[in-house]
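Report on the following structure.
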Amino acid sequence: MGDRGVEEEVLGLFLQQTQQVRERIAQSTPAERRLLAHQLLGSARGVGAFAIADCAAEIERQPDNLQAQRRLEVLIDEARDFVAGMCR
């Protein structure tokens with residue numbers, strides 16, 4: 001929309017959500033992982049974080065996929081670093 005402040009606020013909220021998912025997903029039940037992944041999927045698509053969205057979709061389909069969970073952690077770190085670089 002061209003409003004840098006709004007962009008930063010939306011991305012900040014997204015990063016908060018990714019951190020919450022990251023902290024909870026490993027200790028969650030498969031049903032909880034599906035829900036967390038589903039919620040993250042929509043948010044990630046909304047901000048253009050398509051790699052995170054694709055990974056979340058995979059976890060939603062296969063909530064016991066440990067490889068996808070580890071990949072999600074890496075993608076979350078990459079997104080955090082990318083946003084931090086943008087906001088400097």
Side-chain angles (χ1 to χ4, degrees):
M1 289 185 233
D3 186 330
R4 186 75 168 173
V6 172
E7 286 177 6
E8 289 179 7
E9 185 175 345
V10 169
L11 290 174
L13 291 170
F14 174 68
L15 291 179
Q16 286 178 356
Q17 180 186 19
T18 62
Q19 281 306 118
Q20 291 171 352
V21 168
R22 182 180 185 166
E23 292 169 5
R24 293 179 56 202
I25 203 159
Q27 290 80 28
S28 299
T29 67
E32 291 168 334
R33 274 193 293 279
R34 276 191 180 103
L35 180 60
L36 288 167
H38 180 75
Q39 292 168 342
L40 184 59
L41 169 65
S43 297
R45 284 185 180 153
V47 299
F50 298 114
I52 290 177
D54 292 344
C55 190
E58 188 173 339
I59 293 170
E60 186 177 22
R61 285 189 305 273
Q62 298 176 347
D64 292 322
N65 184 334
L66 294 176
Q67 184 177 5
Q69 291 176 43
R70 286 189 206 108
R71 187 169 57 253
L72 181 63
E73 290 179 5
V74 170
L75 292 169
I76 287 170
D77 289 342
E78 290 174 357
R80 182 198 61 227
D81 294 345
F82 178 79
V83 171
M86 273 182 48
C87 295
R88 288 185 194 151

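What you see is a predicted model, and the numbers here were worked out from it, not measured in a lab. Any value given below was found using the heavy atoms of this structure, including those in side chains, with hydrogens, waters and symmetry copies removed.
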If you look at every heavy atom in [X] and [Y], which pair is closest and at what distance?
| X | Y | value |
| --- | --- | --- |
| Cys55 | Ala68 | SG-O, 3.2 Å |
| Ala37 | Ala56 | CB-O, 3.3 Å |
| Gln69 | Ala26 | OE1-CA, 4.2 Å |
| Ala53 | Ala44 | N-CB, 3.7 Å |

By side-chain hydrogen bond (donor to acceptor under 3.5 Å, both in side chains), Arg70 pairs with (sequence neighbours left out) none
Residues forming a side chain to side chain contact (heavy atoms under 4.5 Å, CB included) with [X], sequence neighbours excluded:
| X | value |
| --- | --- |
| Glu73 | Arg22 |
| Glu32 | Ser28, Thr29 |
| Val47 | Val10, Leu11, Phe14, Ala49 |

Distance in Å, Arg34 CZ paired with Leu41 CG, rounded so as to fall on 0.5 Å steps:
14.0 Å
Residues two or more places apart in sequence or in another chain: which of them pass salt bridge (Lys or Arg N to Asp or Glu O under 4.0 Å) with Glu8?
Arg4
Hphob cluster co-occupancy, [X] + [Y], side-chain heavy atoms under 4.5 angstrom:
| X | Y | value |
| --- | --- | --- |
| Leu15 | Val6 | yes |
| Leu35 | Ile25 | no |
| Leu36 | Leu40 | yes |

4.5 Å side-chain heavy-atom contact, Leu75 and Thr18
no
State, yes or no, whether a side-chain contact exists between Val21 and Leu72 at a heavy-atom distance under 4.5 Å.
yes
Where at least one partner belongs to residues 42-69, residue pairs that pass salt bridge (Lys or Arg N to Asp or Glu O under 4.0 Å), sequence neighbours excluded:
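Of all non-adjacent pairs touching residues 42-69, those that pass salt bridge (Lys or Arg N to Asp or Glu O under 4.0 Å) are Arg33-Asp64, Glu58-Arg71.
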